[in-house]
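These notes are about the structure you will find just below.
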Number of protein chains: 2
Amino acid sequence: MKQDSKPAMRSARRSAKGPTVADVARLAGVSAMTVSRVINNDGKVLPKTRERVEAAIAATGYVPNPAARSLASGRQRRIALVHANPSAAYLSEFLVGSLAEASACDAQLLVEHCSEAEPTSALVARLRSHNIDAVLLPPPLADDMALLAALNAEGFLVAQVATGLPASFARAVSIDDEGAAMDITRRFIAAGHRRIGFIAGNTNQTSSALRRAGYERALAEAGIAIDSDLITQGDFTYRSGLDAASRLLALAQRPTAVFASNDDMAAATVTAAHRAGLDVPRQLSICGFDDTAIATTVWPELTTIRQPIADMARRATRLLVEAIDAGDEKSTPRHERLEFEFIERGSTAPLPALD
Amino acid sequence: MKQDSKPAMRSARRSAKGPTVADVARLAGVSAMTVSRVINNDGKVLPKTRERVEAAIAATGYVPNPAARSLASGRQRRIALVHANPSAAYLSEFLVGSLAEASACDAQLLVEHCSEAEPTSALVARLRSHNIDAVLLPPPLADDMALLAALNAEGFLVAQVATGLPASFARAVSIDDEGAAMDITRRFIAAGHRRIGFIAGNTNQTSSALRRAGYERALAEAGIAIDSDLITQGDFTYRSGLDAASRLLALAQRPTAVFASNDDMAAATVTAAHRAGLDVPRQLSICGFDDTAIATTVWPELTTIRQPIADMARRATRLLVEAIDAGDEKSTPRHERLEFEFIERGSTAPLPALD
DNA sequence: CAATATTGTGTTAGCGCTATCATAAGGTCA
DNA sequence: TGACCTTATGATAGCGCTAACACAATATTG
């Protein structure tokens with residue numbers, strides 16, 4: 001134990017400053033400036049020098065002081081995460097991911113709520129006054145073209161997460177919604193289902209259309225005709241799912257499987273099935289999308305597609321930080337795609353021997 | 001427009017530094033140091049001087065530069081938010097609140113997940129290496145006495161949120177769980193209910209016992225005997241709620257109202273009631289606790305107690321920041337209590353005219 | 001081969017704020 | 001009244017880092 005007594009520890013830590021550039025420089029036999037260049041991956045440094053510096057950094061356990069860094073450079077890296085009612089589960093995963101990355105990159109993350117009613121100009125003004133460099137948008141805001149355009153026009157860097165239609169000027173991270181929807185539908189088909197209901201998501205979210213496209217492509221691929229009775233419109237809320245599912249279950253020839261565009265609506269479908277006296281999954285297979293908390297809350301637990309929300313938020317945050325560092329205009333916006341994962345739980349089952 | 005073209009704005013902003021202490025000092029006719037004292041509420045400054053400085057601050061629109069501040073003072077204010085599986089809805093509200101306060105107080109918030117299996121020592125080591133000053137604990141970790149003790153022994157400042165049993169050395173913010181539970185129960189009684197079921201929460205959370213105590217006190221107060229058949233044990237999960245509710249509904253003399261210790265279990269009770277062919281709220285009133293997302297997701301929506309989670313997180317964060325600033329040992333840990341709110345939705349109704 | 005780029009590194013001077021000590025102004029006490 | 005203690009405020013010197021330029025050392029050119 002280097003430090004003496006418990007009470008003293010915190011203050012000791014406070015004064016026991018870690019090594020600084022100067023320490024590293026001395027050890028490496030270079031100037032502080034060269035160390036700075038190495039850690040910033042900056043300017044030209046001979047490979048040999050770089051190595052020596054890196055060794056010295058490792059040896060001293062040097063960690064740059066963010067405060068000094070941003071004071072000296074005048075850089076700030078302020079990113080606003082603007083959200084307008086994604087589900088709480090979504091938001092929390094999103095927050096965890098973006099926060100982790102922001103603090104790792106030493107960027108500041110401001111969380112702003114944007115009510116539906118608020119005019120874009122007010123939001124922009126708010127961001128301006130907070131001196132924001134970049135804006136991170138989870139759905140449904142990621143699909144608000146007017147907002148995106150306004151932010152871009154104002155010179156903010158923008159990243160969209162989980163959008164189906166990335167803007168050319170924006171960074172974007174999403175999954176292959178269409179592919180995921182095809183995956184689900186193919187699995188239903190492989191399990192013997194032929195009458196597969198679909199509950200569409202809110203049309204103001206671009207991913208809704210992609211999920212539907214995936215559903216239809218998988219059916220077409222299997223040579224199953226698309227029956228418009230089996231496609232119902234929801235808006236991602238539990239309530240809308242209840243209505244949509246009731247309509248599907250009231251059909252003369254009711255589906256043996258339902259693919260809902262998100263977990264809330266899938267959970268509602270479970271409830272609707274139970275009300276209709278159907279056993280899930282024996283008489284009705286149900287698949288959701290997103291793998292949010294409700295998927296494992298209901299009974300049976302939902303088979304669904306897991307979106308790596310935290311990872312997407314992390315990547316998007318990283319893209320923004322890089323864009324901020326690159327300075328104006330330089331970097332081309334990147335659009336990335338992360339892998340989804342099919343998660344099989346209790347709400348789906350193969351169709352029992354056909355009639 | 002001062003700034004010329006769009007592309008230039010970001011870089012322009014970067015260089016267009018706002019006013020500094022020096023500007024304010026000049027305007028107020030004092031030294032920079034005095035301005036610093038005013039903004040830090042520090043040392044002795046004559047009321048008259050303070051006023052002049054404050055006027056100058058307002059006039060210039062001065063905002064302290066956090067980087068310079070922490071560089072000069074050597075302070076860091078690093079707070080870790082350690083969570084181990086609170087519900088996503090809870091976590092997201094919690095994050096939003098603590099983040100907002102942290103950024104307002106110019107503190108850094110690190111979010112750490114702590115798996116159940118991870119030994120306390122590993123967590124402590126992790127916090128150490130991140131140079132954490134204080135730890136913010138949402139439930140269920142807020143009730144983990146071993147963890148609390150370990151953190152305190154290591155010299156970390158600690159804040160517990162929503163615990164029923166604040167530690168003497170820790171800051172704490174909670175609501176009056178017992179009072180809230182009494183409130184619910186009294187309302188049931190006032191609505192004519194006499195057979196009121198109770199689904200208890202996980203015993204590893206101290207608030208569970210308080211909620212139960214509130215339920216029992218309200219009954220006692222109304223002269224209603226406590227029937228142990230009406231009290232069932234859950235563990236805050238939907239699944240446990242399903243089991244507990246089924247037991248209650250299978251009772252020869254089944255309850256006309258059920259008070260579940262959280263929303264997940266209340267939602268499960270709704271499902272159980274539906275399965276049993278009971279109409280909610282006509283034949284069974286159900287009340288939850290917390291007002292998390294699921295409360296408005298199910299149908300009918302749940303009557304519940306709203307915990308101001310974001311506010312609690314905000315207050316707790318603030319208490320930690322103050323404690324960090326106060327330095328070692330000085331400040332006495334404060335325990336605060338925030339107001340809860342009874343939210344009436346569709347899952348409760350007065351008992352129809354007693355036979 | 002001088003004249004000119006190019007490259008890697010060092011020097012200097014702050015960024016905006018606060019710790020610390022110095023100082024001046026006003027009190028107190030014998 | 002002078003020796004002393006209180007204040008309130010100012011002057012100075014950094015915190016740890018990087019921008020901007022200066023300067024060698026080498027490469028490139030006609």
Side-chain angles (χ1 to χ4, degrees), chain A residues 11 13-54 56-57 60-78 106 108 131 324-325 327, chain B residues 11 13-54 56-57 60-77 105-106 108 131 324-325 327:
Chain A
S11 47
R13 196 185 329 139
R14 194 172 289 167
S15 55
K17 319 274 194 170
T20 73
V21 265
D23 300 319
V24 177
R26 203 172 315 119
L27 210 158
V30 298
S31 76
M33 202 50 227
T34 302
V35 176
S36 169
R37 284 195 262 261
V38 169
I39 61 183
N40 289 295
N41 232 337
D42 199 43
K44 308 302 180 110
V45 180
L46 283 185
K48 224 181 124 179
T49 319
R50 158 164 281 128
E51 265 170 47
R52 258 190 312 149
V53 172
E54 273 162 357
I57 289 178
T60 54
Y62 167 76
V63 178
N65 176 326
R69 217 125 90 118
S70 72
L71 178 57
S73 65
R75 256 187 265 118
Q76 279 253 33
R77 292 176 161 177
R78 292 168 70 89
D106 190 42
Q108 217 188 328
N131 244 280
I324 293 172
D325 286 355
Chain B
S11 46
R13 194 183 333 134
R14 195 171 286 169
S15 55
K17 322 275 195 165
T20 73
V21 264
D23 300 318
V24 176
R26 204 172 313 119
L27 209 157
V30 299
S31 75
M33 203 49 228
T34 302
V35 176
S36 170
R37 288 192 180 100
V38 169
I39 61 183
N40 288 295
N41 234 336
D42 199 43
K44 306 303 179 105
V45 182
L46 283 187
K48 225 180 122 179
T49 319
R50 160 163 279 128
E51 266 170 46
R52 260 190 310 149
V53 172
E54 274 163 356
I57 290 177
T60 53
Y62 167 77
V63 179
N65 176 326
R69 219 127 88 118
S70 72
L71 177 57
S73 65
R75 255 185 264 120
Q76 279 254 38
R77 293 174 162 177
C105 294
D106 192 40
Q108 218 188 327
N131 243 279
I324 294 172
D325 286 356

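Chain letters run A, B, ... following the sequence lines, proteins first, then strands; residues in each count from 1.
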Mind calculating the distance between CG (A:Asn41) and P (D:dC17) to the nearest angstrom?
-> 17 Å

Give one of base, sugar-phosphate or nothing for A:Asp42, where a contact means two heavy atoms less than 4.0 Å apart.
-> nothing

Gap between atoms NZ and C1', on A:Lys48 and C:dG8 respectively (whole Å) = 13 Å

Side-chain-base donor-acceptor pair under 3.5 Å for A:Arg50 and C:dG8 = no

Measure the OG1-CG distance between A:Thr34 and A:Asp42 for me, rounded to the nearest 0.5 Å.
-> 11.0 Å

Specify the separation, in whole Å, of atom CZ of B:Arg26 and atom P of D:dA11.
-> 13 Å

Is there a side-chain polar atom (N or O) of B:Ser73 under 4.0 Å from OP1 or OP2 of C:dT18?
-> no

Let me know the distance between CG of A:Asp23 and C1' of D:dC17, rounded to the nearest Å.
-> 13 Å

Compare side-chain N and O positions of B:Ser36 against OP1 and OP2 of C:dT18 and report whether any pair is under 4.0 Å apart.
-> yes

Looking only at D:dG16, C:dC17, C:dG8, the nucleotide nearest the B:Ala72 side chain is C:dC17

When you measure from the side chain of A:Arg37, which nucleotide among D:dA20, D:dT9, C:dG16 comes out closest?
-> D:dA20

Nearest non-hydrogen partners of A:Val53 and A:Val35, listed with the distance = CG1-CA, 4.1 Å

Taking for each residue the nucleotide of DNA chain D bearing the nearest heavy atom, is the 5' side occupied by B:Leu46 or by B:Ala68?
-> B:Leu46

Closer to the 5' end of DNA chain D via nearest nucleotide, is it A:Ala32 or B:Gly29?
-> B:Gly29

Minimum-distance nucleotide to B:Met33 side chain [options: C:dT9, D:dG16, C:dA19] = C:dA19

A:Asn65 side chain N/O closer than 4.0 Å to the phosphate oxygens (OP1, OP2) of D:dC15?
-> no

Over how many whole Å does the gap from A:Tyr62 atom OH to D:dC17 atom P extend?
-> 3 Å

OP1 or OP2 of C:dG10 under 4.0 Å from side-chain N/O of A:Thr34 = yes

side-chain N/O A:Arg69 vs D:dG16 OP1/OP2, d < 4.0 Å | no

Shortest non-hydrogen contact between A:Val45 and A:Arg50, atoms and distance = CG1-N, 3.8 Å

Between C:dC17 and B:Ser70, is there an OP1 or OP2 to side-chain N/O distance shorter than 4.0 Å?
-> no

Separation of C:dA19 C1' from B:Ile39 CD1 (nearest whole Å) = 14 Å

Distance in Å, A:Arg37 CZ paired with A:Lys44 NZ, rounded so as to fall on 0.5 Å steps | 12.0 Å

Rounded interatomic separation in angstrom, taking CG from B:Asn40 and C1' from C:dC17 = 9 Å

How many Å lie between NZ on A:Lys44 and C1' on D:dA27, as a whole number?
-> 14 Å

Which part of the nucleic acid does A:Val35 contact within heavy-atom distance under 4.0 Å: base, sugar-phosphate only, or nothing?
-> nothing

Using a cut-off of less than 4.0 Å, is there contact between a side-chain N or O of B:Thr20 and OP1 or OP2 of C:dG16?
-> no

How long is the gap from CG on B:Leu71 to CG on A:Asn65, to the nearest 0.5 Å?
-> 6.0 Å

Worked verdict on A:Arg69 versus A:Ile39 for side-chain contact (heavy atoms from CB on, under 4.5 Å) | CA-CA 11 Å; A:Arg69 217 125 90 118; A:Ile39 61 183; 4.3 Å; yes

